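Each chain gets a letter, A, B and so on, in the order its sequence line appears, and its residues count up from 1. Since we're looking at a predicted model, the values are computed, not measured.
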Amino acid sequence: MRPILMADPAHPHPPFPHRHLLGVAGLSPADIKGLLASAEDAVSLSRQVEKKSATLRGRTQINLFFENSTRTQSSFEIAGKRLGADVMNMAVGNSSIKKGETLLDTAATLNAMRPDIIVVRHHAAGAVALLAQKVDCSVVNAGDGAHEHPTQALLDALTITRAKGRIEGLVVAICGDVLHSRVARSNILLLNALGARVRVIAPSTLLPADVERLGVTVFRDMRRGLEGVDVVMMLRLQLERMNGSFVPSVKEYFKHFGLDDAKLAYAKPDAVVMHPGPMNRGVEIASDVADGPRSLIRDQVEMGVAVRMAVLETLGRRLPNAA
Amino acid sequence: MLTHASRPLQFVNARLVCPASGRDEIGSLLVDNGVIAEVGPDVRPAARAEQVDCGGHVLAPGLIDLGAFVGEPGAEHRETLATASRAAAAGGVTAIVARPDTTPPVDAPEIVDYLTRRARDTASVRIHTLAALTKGLEGREMTEVGLLLEAGAVAFSDGPRSVASARVMRRAMIYARDFDALICHHVEDAELSAGGAMNEGELASRLGLPGRPAAAEALVLERDVRLVALTGARYHASLITCADSVAIVADAKKRGLPVTCGVSAAHLTLNENDVGEYRTFFKLAPPLRREDDRRALVQALADGVIDVVCSGHDPQDVETKRRPFAEADDGAIGVETLLSAGLRLVHGGDVTLHRLLHAMSTRPAELLRLPGGALKVGAPADLALIDLDAPFVLDAATLKSKSKNTPFDQARLQGRALRTVVAGHTVYPYA
């Protein structure tokens with residue numbers, strides 16, 4: 001049943017060997033580089049007047065979001081439409097099928113509609129992988145609990161590569177709420193896979209147990225942690241975690257872990273600043289920095305569409321009935 | 001159901017293994033009127049008895065499973081006394097000590113009485129009842145210890161809940177001590193492990209799952225040991241799962257405190273890595289821990305620091321397991337696989353057969369003051385005939401429990417019950 005995949009002459013990378021994109025874990029450096037190379041092409045396409053390709057023409061893409069996320073969902077929607085797919089958004093964040101017990105029923109129902117690709121965001125770690133076991137199409141993880149958010153890590157990698165020309169050998173600091181962050185986990189895996197040196201900077205209450213074993217160096221002092229880094233990645237801190245439960249107050253958090261010009265001065269002079277959004281200005285990042293010359297935050301959004309196009313296209317080529 | 005057999009039953013050519021006396025020899029055992037009438041190498045064939053040739057296989061006291069969830073009353077869709085006892089019988093278990101966290105909980109004498117009568121009518125093995133330690137299992141007010149004992153409760157427990165208040169626990173211990181009643185306590189601080197889905201550590205961090213630290217267990221256990229020192233109550237930590245707890249119990253025993261502990265066969269044979277990619281059948285409460293912890297538990301069993309090996313039997317409807325990991329229910333069935341899983345440790349050379357069977361029969365009988373757990377004249381004829389070596393691949397679909405949430409599906413196991421006898425009746429014949 002499995003079609004023999006021909007390597008695309010435009011991309012000398014080996015064919016992508018996975019049916020789904022459930023996480024960065026399990027991807028080889030070659031898989032990642034292949035996706036990033038495709039994404040470069042998608043950037044060019046997206047900058048043209050005529051932005052459409054026909055790669056996914058006739059294909060149905062369902063965006064199944066159990067958690068509301070305007071940005072990520074729009075990004076996947078635009079990506080699918082640029083490739084010619086029919087995209088349907090199912091926002092179930094507020095509907096009756098929100099609960100986990102009907103996740104598999106939802107999967108079975110959607111599967112019967114014969115989609116080709118389902119993009120899923122869910123509040124529970126592992127939920128996307130569980131759903132993927134029950135459907136015949138390809139599944140893209142758009143974020144599952146505190147587990148993974150692979151397209152975010154890929155778009156961050158593309159953004160860094162375009163700004164710095166490489167990833168290998170760079171020092172990247174991930175700052176903030178690593179404990180609850182799927183963005184941090186996916187980035188730690190991906191940056192390690194591509195040879196960057198990864199630091200995490202956070203108060204200990206916002207670090208997962210044994211985090212050093214994920215391949216990072218831990219800093220509790222932001223100034224020391226930022227010394228000599230090439231890339232500063234800020235994470236979003238949920239407001240409900242700031243009133244004494246994980247950190248004592250917004251004021252104290254911003255003082256110690258908010259990124260302002262003074263702290264950024266410890267990083268390399270050409271260091272760049274990133275944030276997956278949406279930002280809490282004045283909480284984890286000062287507005288001057290977010291809007292400053294070293295910020296790549298807008299670029300990240302653009303690269304997000306490109307990376308998602310690359311992912312959808314790559315998985316589309318792997319579909320069992322692909323031409 | 002458990003009426004006395006009319007015709008005597010004689011097991012011949014058996015390897016008699018009695019963990020209570022240390023007996024291990026080829027011989028014969030005669031059952032008459034539901035009790036062991038004769039046992040030893042020189043028992044003469046009784047002419048009127050039905051003869052069972054054991055073919056040199058092990059004949060041991062039936063297993064006593066301390067703390068299984070049996071579904072009645074209130075959760076009959078998960079398990080019933082009938083299905084639980086069929087599963088038990090198939091695993092060489094002749095007595096189940098049922099957990100009190102039913103709906104309603106077993107916190108009043110009439111519920112003990114109800115269970116006793118239900119068991120008489122529907123169960124094929126002996127069912128003993130743990131009564132609630134506090135009313136409604138709420139950890140606030142103690143139950144009617146005296147009346148519950150009179151009704152037949154064998155010990156007191158809040159099932160899978162820890163009593164959070166040291167004051168309530170102390171009073172319950174003092175009061176129970178007046179009756180010389182045993183308290184079986186679940187040791188895990190609910191606050192510290194709140195929201196946790198698996199053992200805290202690298203694996204949980206990688207999976208993005210909230211963790212349950214081993215310290216949540218040690219914390220409650222340490223407090224309880226201090227309260228035992230204060231009150232002198234007989235105390236049993238139902239399930240310990242980590243190396244720290246082993247050290248705490250060992251120390252308490254060295255000081256002569258009446259502290260004992262149990263461990264589940266799952267925690268002795270599996271570790272957190274078995275969770276793999278969100279396999280909910282390995283989601284237990286307390287959770288599977290690190291391999292270091294598992295090894296410490298095995299060593300503690302071998303050394304006798306751990307008194308009891310139980311199944312932790314907790315049947316769950318498949319629907320509550322087919323959820324994202326953090327939202328799936330805790331628990332695994334285990335009464336039918338208790339013996340076979342435990343034998344892994346014997347085949348692996350980690351514990352002796354006598355030590356394992358002592359923890360599965362003799363010791364629970366001693367702690368609960370039940371007759372049984374020994375091959376001696378006058379003891380109830382609750383027996384398990386065991387083929388130690390029979391290899392098989394477990395197929396969950398063949399298990400007798402109403403729920404099939406076993407972590408051992410497709411596991412390669414070695415050793416199984418060939419025949420289970422309760423009060424002289426054969427309640428399980430293999431093949």
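The pair B:E202-B:R206 counts as a salt bridge, with a side-chain nitrogen and a carboxylate oxygen less than 4.0 angstrom apart.
Contacts of A:L189 with chain B are made by side-chain atoms alone, with heavy-atom separations under 4.5 Å and no backbone atom involved. Both the backbone and the side chain of A:L214 have a heavy atom closer than 4.5 Å to some heavy atom of chain B.
The six-membered or imidazole ring of A:F246 lies near that of A:H180, with a centre-to-centre distance under 6.0 Å.
Interface check for chain B: of the options A:H147, A:R185, A:E148, the most heavy-atom pairs under 4.5 Å are formed by A:H147. Taking B:P213, B:G211, B:G201, B:P210 one by one and counting their heavy-atom pairs under 4.5 Å with chain A, the maximum is reached by B:G201. Taking chain B as the reference chain and counting heavy-atom pairs below 4.5 Å, the highest number among A:A125, A:G23, A:A25 is found for A:A125.
Side-chain atoms of B:D158 and B:H185 form no donor-acceptor pair, as typed in the model, at a separation below 3.5 Å. Donor-acceptor pairing under 3.5 Å is lacking for the side chains of A:H275 and A:Q300. A donor-acceptor contact closer than 3.5 angstrom links the side chains of A:S28 and A:D31.
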